Amino acid sequence: MGKMQQVYDADKITFFEKVYQVVRLIPEGRVTSYGAIAAYLGSARSSRMVGWAMNGSHRVKPKVPAHRVVNRIGMLTGKHFFGEQNTMKHLLEKEGVKVEDDKIVDFKKHFWDPAVELLL
DNA sequence: CGATTGACGTACG
DNA sequence: TCGTACGCCAATC
């Protein structure tokens with residue numbers, strides 16, 4: 001190991017990478033939730049960790065469409081992390097997802113469940 | 001190094 | 001139906 005400064009645990013890197021990978025698979029115009037991703041990854045109670053993973057998603061490449069991840073009732077809880085307050089909303093509406101009062105309109109209609117769509 | 005926090009969600013009264 | 005408690009665990013204080 002020597003001067004290896006990577007103290008991250010390999011398994012946890014995988015968890016974070018899995019989160020990013022799932023988010024990258026979300027099609028345009030579709031959205032999912034932190035809990036859905038956590039459940040898909042086998043940790044239904046780790047939805048908060050998904051949030052933490054998303055917190056660092058801006059520095060990950062390829063790009064992670066973080067604006068397609070909202071909470072379980074379709075609220076844009078992460079909009080504050082997009083710089084401008086309405087950037088997340090703007091990105092979604094550009095993809096045909098209507099947002100009203102920081103909440104996705106017809107959330108169920110746009111909902112993309114990795115456990116169903118990815119059939120793993 | 002213990003306590004707190006957090007882009008969440010479920011359980012329980 | 002609504003408010004509170006707690007699990008999850010990395011990062012920050």
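It should be emphasised that the depicted structure is a prediction, and the values quoted were computed from it without experimental measurement.
Residue S33(A) places at least one side-chain N or O closer than 4.0 Å to OP1 or OP2 of dG9(B). Side-chain N/O atoms of S47(A) include none lying less than 4.0 angstrom from OP1 or OP2 on dT10(B).
Atom-to-atom, CE of M54(A) to C1' of dG9(B) comes out at 17 Å; the value is rounded to the nearest Å. Atom NZ of K18(A) is separated from atom C1' of dC8(C) by 16 Å (rounded to the nearest Å). Atoms CD1 (I37(A)) and P (dC8(C)) sit 20 Å apart, rounded to a whole Å. Atom CG in L76(A) sits about 15 Å away from atom C1' in dC8(B), given to the nearest Å. Per the geometry, CD belonging to E17(A) stands 15 Å off P belonging to dA10(C), to the nearest Å. Whole-Å rounding puts the I73(A) CD1 to dC2(C) C1' distance at 13 Å. Look at NZ on K79(A): it is 18 Å from C1' on dC8(B), rounded to the nearest Å. Note: CG (L41(A)) to C1' (dC9(C)) measures 14 Å, nearest angstrom.
Here N55(A) lies in heavy-atom contact (under 4.0 Å) with a base. Heavy atoms of A44(A) sit nowhere under 4.0 angstrom from any nucleic acid atom.
Taking a 6.0 Å sphere around CZ of R45(A), one finds it holds 12 or fewer heavy atoms contributed by other residues, nucleotides or ligands.
Comment: R68(A) engages E95(A) in a salt bridge, judged by a side-chain N to carboxylate O separation of less than 4.0 angstrom. A salt bridge does not link D102(A) with K89(A): none of the charged nitrogens is closer than 4.0 Å to a carboxylate oxygen.
Each of dG9(B), dA10(C), dA7(B) was ranked by its minimum atom distance to the side chain of A66(A); first place goes to dA7(B). The listed nucleotides are dC8(B), dG9(B), dC9(C); the one nearest the side chain of M49(A) is dC9(C).
Taking 4.5 Å as the limit, every side-chain heavy atom of V31(A) sits out of range of all side-chain heavy atoms of V69(A).
When every heavy atom of Y34(A) is checked against every heavy atom of N71(A), the shortest pair comes out as CE1-N, 3.5 Å.
Side-chain to base pairing of R48(A) with dG6(B): one donor and one acceptor N or O lie within less than 3.5 Å of each other.
Distance noted for atom P between dA5(C) and dT4(B): 15 Å (whole Å). Nucleotides dC6(C) and dA3(B) place their P atoms 16 Å apart, quoted to the nearest Å.
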